[in-house]
Amino acid sequence: MDKRIAEKFFYEKRVYKILRYIAYGFISFGIFSYIFLWSGVEIGTPFLVVGIVIFWLVRSKTVSGKDYLFQAESVINEEIINLQNELSIKEKQNGSVITSKQFVVSPDFCVKKAAKNTLVSNCAQTVVMYCNDKINRFHILATTFDFVGGTKEETDISGSLSKLQLIRKEIKHTQFGFTQKQLSINLVHEDKQFVFVFTDDYPTNKFIDDYFTNRRL
């Protein structure tokens, strides 16, 4: 995704915000005049026309949450497929796999409301995690995107499952009246620490319980 799109979405100029509210006000007054005022058509039409023109101008200069979400999800979905294919090539033994594709929603990143009442950020992460207790092996492929910076960071770690330490933590972020719950996975392997974000759902928690909390190697 072009980083200019993310920059426009997260760092919208203050003048455009003001103009958007002005447009809403003009359009609302125009509609009100049509319905409730005597000679409302003559009074309300100029306000309605000016409001629509201002609103169109603002939309042409900014990026909506729907557009950002569509383009960001296209990048994320393509990457998760690439990671799954790469992992299937590298790991021939059958094991369990969980995947995650998440906007990293936290106070450390820019967070805004997008379409479908979804909280999004400038940072997104795709993760594919493979575990096989029979051969005592794990393999994790991950990609972290910074849409505003226009960069991505790839992670590839693997080794003995018994030497991998995992700490999970539920994180919550509330903004614009919406709360986003995610699962923060802190992994320690060979004195190196990695942090990944997963969906806080039943399959993910069961995977962690089976391979880490209740592990018997």
Quiz item: What do the steps show when you test Ser33 against Phe29 for side-chain contact (heavy atoms from CB on, under 4.5 Å), and what is the final call?
Solution: CA-CA 6 Å; Ser33 300; Phe29 182 75; 3.4 Å; yes

Quiz item: Should the pair Glu12-Lys8 be classified as a salt bridge under the 4.0 Å nitrogen-to-oxygen rule?
Solution: no

Quiz item: Between Phe109 and Phe103, is the gap from one ring center to the other below 6.0 Å?
Solution: no

Quiz item: Which heavy-atom pair separates Asp133 from Tyr211 by the least distance, and what is that distance?
Solution: N-CE2, 3.9 Å

Practice problem: Consider only side-chain N and O atoms of His139 and Asn132, and report whether a donor and an acceptor are under 3.5 Å apart. | Solution: no

Quiz item: Should the pair Lys90-Asp156 be classified as a salt bridge under the 4.0 Å nitrogen-to-oxygen rule?
Solution: yes

Quiz prompt | Thr174-Thr179 side chain donor-acceptor pair, cut-off 3.5 Å | solution = yes

Practice problem: Could you state whether Phe145 and Val148 fall into the same hydrophobic cluster, counting links through intermediate Ile, Leu, Val, Met, Phe, Trp or Tyr residues with side-chain heavy atoms under 4.5 angstrom apart? | Solution: yes

Exercise. Check whether any side-chain N or O of Thr118 sits under 3.5 Å from a backbone N or O of Lys116 as a donor-acceptor pair, and report yes or no.
Key: yes

Quiz item: Going from CG on Leu164 to SG on Cys131, what distance comes out if it is rounded to the nearest 0.5 angstrom?
Solution: 7.0 Å

Quiz item: Thr126 and Glu79: side-chain donor and acceptor closer than 3.5 Å?
Solution: no

Quiz item: Centre of Tyr16's six-membered ring, under 6.0 Å away, within 45 degrees of the axis: is that where NZ or CZ of Lys61 sits?
Solution: no

Quiz item: If you take all heavy atoms of Tyr34 and Gly44, which pair is closest and at what distance?
Solution: CE1-C, 3.8 Å

Exercise. Begin from the C-alpha positions of Ile31 and Leu48 and carry the test side-chain contact (heavy atoms from CB on, under 4.5 Å) through to its verdict.
Key: CA-CA 7 Å; Ile31 295 174; Leu48 192 62; 4.2 Å; yes

Quiz prompt | Closest contact, heavy atoms only, Phe178 versus Lys113 | solution = CE1-CD, 3.2 Å

Quiz item: Of Thr143, Val75, Asn85, Thr99, which is the lone residue that meets side chain to side chain contact (heavy atoms under 4.5 Å, CB included) with Ile80?
Solution: Thr99

Quiz prompt | Heavy atoms from other residues, nucleotides or ligands near CG of Asp108 exceed 12 (cutoff 6.0 Å) | solution = yes

Quiz item: Hey, is Glu73 close enough to Lys101 for a salt bridge, meaning N to O under 4.0 Å?
Solution: no

Quiz item: Using 30° and 60° as the class limits, which term best fits the ring planes of Phe138 and His189: parallel, tilted or perpendicular?
Solution: perpendicular

Quiz item: Are a donor atom and an acceptor atom from the side chains of Ser158 and Tyr130 found within less than 3.5 Å of each other?
Solution: no

Exercise. Please say which of Thr45, Leu37, Ile43 ends up in a side chain to side chain contact (heavy atoms under 4.5 Å, CB included) with Val41.
Key: Thr45

Self-check item: Over 12 foreign heavy atoms within 6.0 Å of CD, Glu42
Solution: yes

Exercise. Kindly assign one of parallel, tilted or perpendicular to the pair Tyr24 and Tyr21, based on the angle between their ring planes and the thresholds 30° and 60°.
Key: perpendicular

Self-check item: Closest heavy-atom pair and its distance - Phe10, Asn122
Solution: CZ-N, 3.3 Å

Exercise. Using the side-chain contact (heavy atoms from CB on, under 4.5 Å) rule, take Phe55 and Phe26 through it: C-alpha gap first, then chi angles, then the decisive distance, then the call.
Key: CA-CA 10 Å; Phe55 183 75; Phe26 277 25; over 6 Å; no

Self-check item: Side-chain donor-acceptor contact under 3.5 Å, Ser184 with Glu170
Solution: no

Self-check item: Least distance between heavy atoms, Asn136 atom then Ser162 atom
Solution: OD1-N, 2.9 Å

Practice problem: Before giving the answer on side-chain contact (heavy atoms from CB on, under 4.5 Å), spell out for Thr155 and Thr144 the whole-Å C-alpha distance, their side-chain angles and the decisive distance to 0.1 Å. | Solution: CA-CA 8 Å; Thr155 304; Thr144 302; 5.6 Å; no

